[in-house]
Protein chains: 4
Amino acid sequence: MSSTSNHKHTAILDAAYELFGSGGFYETKMSEIAVQAGIAKGTVYLYFKSKEELFMAVTRRDCEGFLQQLQEKLKASDTLSGKLSIIAKHHLYYYYERKRHTKLFFRAPNNNPELVAYMTLFMEEYMQAVVKVLLEGGASEPELMAQSYIGMLDRLKMDILFDPSFMEDDAYKRAGFAAGLFIKGAMDYLNLGQDDRPVE
Amino acid sequence: MSSTSNHKHTAILDAAYELFGSGGFYETKMSEIAVQAGIAKGTVYLYFKSKEELFMAVTRRDCEGFLQQLQEKLKASDTLSGKLSIIAKHHLYYYYERKRHTKLFFRAPNNNPELVAYMTLFMEEYMQAVVKVLLEGGASEPELMAQSYIGMLDRLKMDILFDPSFMEDDAYKRAGFAAGLFIKGAMDYLNLGQDDRPVE
Amino acid sequence: MSSTSNHKHTAILDAAYELFGSGGFYETKMSEIAVQAGIAKGTVYLYFKSKEELFMAVTRRDCEGFLQQLQEKLKASDTLSGKLSIIAKHHLYYYYERKRHTKLFFRAPNNNPELVAYMTLFMEEYMQAVVKVLLEGGASEPELMAQSYIGMLDRLKMDILFDPSFMEDDAYKRAGFAAGLFIKGAMDYLNLGQDDRPVE
Amino acid sequence: MSSTSNHKHTAILDAAYELFGSGGFYETKMSEIAVQAGIAKGTVYLYFKSKEELFMAVTRRDCEGFLQQLQEKLKASDTLSGKLSIIAKHHLYYYYERKRHTKLFFRAPNNNPELVAYMTLFMEEYMQAVVKVLLEGGASEPELMAQSYIGMLDRLKMDILFDPSFMEDDAYKRAGFAAGLFIKGAMDYLNLGQDDRPVE
DNA sequence: AATGAATGAGTCTTCATTCAT
DNA sequence: AATGAATGAAGACTCATTCAT
């Protein structure tokens with residue numbers, strides 16, 4: 001019974017993940033989620049009180065999985081650059097894995113303070129995980145740096161999502177590039193004169 | 001007549017920009033836009049065929065303004081680092097100015113291929129503008145670098161949007177930080193041993 | 001325009017009166033009311049915010065009409081018994097007139113405090129109208145007497161509603177009977193011994 | 001088994017009486033009745049074919065109890081006025097006891113002909129019980145008189161239902177008043193001149 | 001060109017009822 | 001007999017769009 005219950009619960013979350021992810025919140029009908037999950041419309045409401053609550057649950061599961069896996073993977077390295085590399089690989093591979101399920105990352109209902117609060121929390125936690133790594137390297141401005149790194153990765157993932165020919169290996173190459181660029185800076189990729197320095 | 005027509009056209013775009021931007025596509029009603037524009041509901045349809053088309057027009061006007069202003073500003077510097085700094089300042093200041101219109105960029109209708117195509121085009125153009133700057137510096141992998149830089153900036157803008165206490169000056173400081181980090185890399189902010197280098 | 005507007009407003013109230021009255025609140029669909037009023041479903045919501053509000057409006061209109069007409073008619077007599085007779089005739093004739101429209105008098109949504117409050121107010125006003133008449137006759141216990149009279153009339157109306165063969169004249173005869181019974185008591189209709197008196 | 005069966009049957013009726021009575025037919029969910037009865041939802045359907053049938057059964061049990069108790073109590077008096085007094089006391093006390101179940105009698109499903117038929121039958125039986133008493137007193141128009149008396153009582157019960165401060169004694173006082181008014185008429189409570197008589 | 005009253009397709013959600021266990 | 005998970009029909013309400021004026 002518990003396993004049946006869990007099974008349907010999971011099936012609904014999976015269906016909702018797929019449909020919300022590729023279609024967005026408003027474009028996805030509860031009836032479609034039910035069909036996708038292979039159950040009746042009313043059954044969805046036995047497991048989730050409303051469409052918004054279901055969306056929250058999907059988001060939460062995804063974000064938590066992302067953070068948990070990251071923490072796990074970070075244990076594999078002791079160096080700063082190793083850890084930054086792991087973060088990059090994780091970020092890009094995570095979306096690579098989900099490219100078929102989630103083309104457009106979530107278009108959420110606005111005006112839902114609970115969801116906004118959760119997303120803020122998630123970003124904060126993700127950022128703190130990166131901050132922690134950076135602090136071990138003795139970084140000043142670790143929060144700005146963490147934001148920057150995450151931003152880089154988040155943009156670099158886009159092609160992965162939209163380009164069907166993107167392969168796993170390409171994802172890892174991008175990760176390497178991102179880590180390298182972040183640490184060594186653009187100068188290594190450029191021909192800059194000694195004094196060509198950014199001015200504030 | 002033409003000026004009257006233009007006037008209403010602009011009033012609708014302004015109203016839609018304000019409301020779509022702060023409320024999102026689905027949350028904004030055509031009737032609200034009409035009220036905000038000071039005209040009747042039916043009149044909106046004399047200027048824009050549908051809600052989606054109006055959203056497209058709003059997006060287009062905004063993105064074009066973004067790119068045009070960027071091109072204009074880039075003329076002010078001849079050095080790579082100067083131009084990168086301009087890009088950063090532009091990106092962050094642009095959002096700073098538009099704090100209240102946050103949501104326009106995330107909360108679009110999804111299943112509209114035309115909009116997706118346009119956003120892709122915009123991103124491509126923005127990226128090419130950055131690529132051009134980087135190529136002048138002799139960059140290898142200019143597209144990846146451009147994406148990374150834009151990603152950094154896009155993430156660093158977030159606090160600007162959500163933190164009401166963020167001031168213009170803070171935006172410029174962030175821009176300086178971003179340009180510096182991008183060019184010189186994280187090492188300048190860290191205490192790394194000689195051999196602590198990222199592994200691909 | 002105003003007359004058009006009023007026309008639809010009235011048409012909806014009429015339709016709702018008919019359908020709520022004969023079918024009850026829950027049994028009546030908003031779509032049916034729209035069809036009966038000869039308009040589209042959505043139009044009902046231009047005039048009434050919700051089904052409950054429409055029900056309230058129907059109830060209010062009916063009750064107010066009932067009380068206004070009563071006040072008007074009461075002016076026609078100066079004696080107590082004349083006024084009681086008018087009350088009886090009004091009560092019974094009112095339902096006689098509406099028998100085709102309103103077989104089952106309103107089955108209201110429960111748990112609607114606003115409606116309960118209004119119905120209480122209506123009953124209070126109706127009762128006070130009767131109380132006033134009784135006080136002019138120097139009655140002691142006028143409220144209990146008013147309640148009793150109204151109760152009598154309300155029960156005597158039932159056959160009028162359900163018996164299709166009931167005619168206008170029958171309604172007036174009943175009214176006369178009710179007034180007589182109320183004033184002179186049952187004794188006139190009975191063969192009671194001198195000492196057969198109710199014991200408290 | 002039969003006793004178990006009977007036990008559940010009764011438990012469901014009790015639960016339904018409580019909930020239908022205080023909440024109304026539509027507002028009460030079968031699942032709530034099951035919870036209140038301490039059984040599973042599906043079990044209700046082993047004893048009652050449908051929600052409407054259950055409502056019928058509740059109504060029937062209540063009405064039958066009302067009539068049986070009345071018949072029983074009427075044996076206690078041999079005089080007309082004694083019996084009318086008993087009827088009044090019974091009617092008012094019955095509702096006094098059931099204060100919490102107010103709504104059962106007004107909030108029935110409408111379009112159920114079976115229920116309408118039963119309620120008509122009940123009213124007929126109640127009326128005939130009163131008619132029989134009146135006929136023993138030699139009444140003319142006994143049915144109209146019975147209706148009137150019942151109507152009086154039914155209205156006088158209202159305050160009992162809605163006024164929480166109403167006590168058992170108050171109910172009995174009202175009963176005495178009602179019986180007195182019905183028999184002796186309003187004249188005893190008024191200052192009417194000899195010729196102030198109702199005009200038909 | 002401008003209006004805004006009218007439309008009706010579209011979707012979430014509820015809950016009586018069923019049936020496999 | 002008892003359960004309660006699952007069903008799906010049904011209906012209130014919204015809002016983009018139209019069109020008579």
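Within every chain, numbering begins at 1; the chains are lettered A, B, ... in the order of the sequence lines, protein sequences first and strands thereafter.
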Where each residue is assigned the nucleotide of DNA chain E containing its nearest heavy atom, which of M30(A) and K29(D) is assigned the position nearer the 5′ end? M30(A)
Rounded off to whole Å, could you give me the CD-to-P distance for the E27(B) and dC15(F) pair? 10 Å
For the residue pair K51(B) and F25(B), would you count it as a cation-pi contact if the rule is NZ or CZ under 6.0 angstrom from the ring centre and within 45 degrees of the ring axis? yes
Between T28(C) and T28(B), just flag the one whose closest nucleotide in DNA chain F comes earlier from the 5' side. T28(C)
For dA16(F), the Watson-Crick or wobble counterpart (both distances under 3.5 Å): dT7(E)
Gap between atoms NE2 and C1', on H9(B) and dA2(E) respectively (whole Å): 17 Å
Find the distance Y26(B):OH to dT11(E):P and express it as a whole number of Å. 10 Å
Just the rounded figure in Å: distance from C1' of dC15(F) to CZ of F25(B). 12 Å
Could you state the atom-to-atom distance from CG of N6(D) to P of dA1(F) in whole Å? 12 Å
Look through every strand shown and name the nucleotide pairing with dA2(E) as Watson-Crick or G-U wobble, where both distances are under 3.5 Å. dT21(F)
Between N6(B) and Y47(B): side-chain donor-acceptor atoms closer than 3.5 Å: no
Y47(C) vs dA6(E): side-chain N/O to OP1/OP2 distance below 4.0 Å: yes
Closest non-hydrogen atom pair between A15(C) and I33(C), with its separation: CB-O, 3.6 Å
If you check every side-chain atom of K51(C), which of dC13(F), dA16(F), dT14(E) has the closest atom? dC13(F)
Nucleotide nearest S50(D) (side chain, heavy atoms from C-beta), chosen from dC13(F), dT13(E), dT17(E): dT17(E)
Between atom NZ in K49(B) and atom P in dT18(F), what is the gap in whole Å? 10 Å
Provide, to the nearest angstrom, the distance between the CD1 atom belonging to I12(C) and the C1' atom belonging to dA6(E). 11 Å
Distance in angstrom units between I33(D) CD1 and dT3(F) P, rounded: 16 Å
When you compare the protein's N or O atoms with those of nucleotides 7-9 of chain F, which come within less than 3.5 Å of each other, and at what distance?
from, atom 1, to, atom 2, distance (Å)
dT7(F), OP2, A40(A), N, 2.8
dT7(F), OP2, T43(A), OG1, 2.4
dG8(F), N7, G42(A), N, 3.3

Between CD on residue Q36(A) and CG on residue L19(A), distance to nearest 0.5 Å: 5.0 Å
Between NZ of K8(B) and CG of L13(B), what distance do you get to the nearest 0.5 Å? 14.5 Å
Which residue is it: V58(D), L54(D), L46(D)? I am looking for the one with a side-chain contact (heavy atoms from CB on, under 4.5 Å) to I12(D). L54(D)
Short question: side chain of E53(C), backbone of K49(C) - any donor-acceptor pair under 3.5 Å? yes
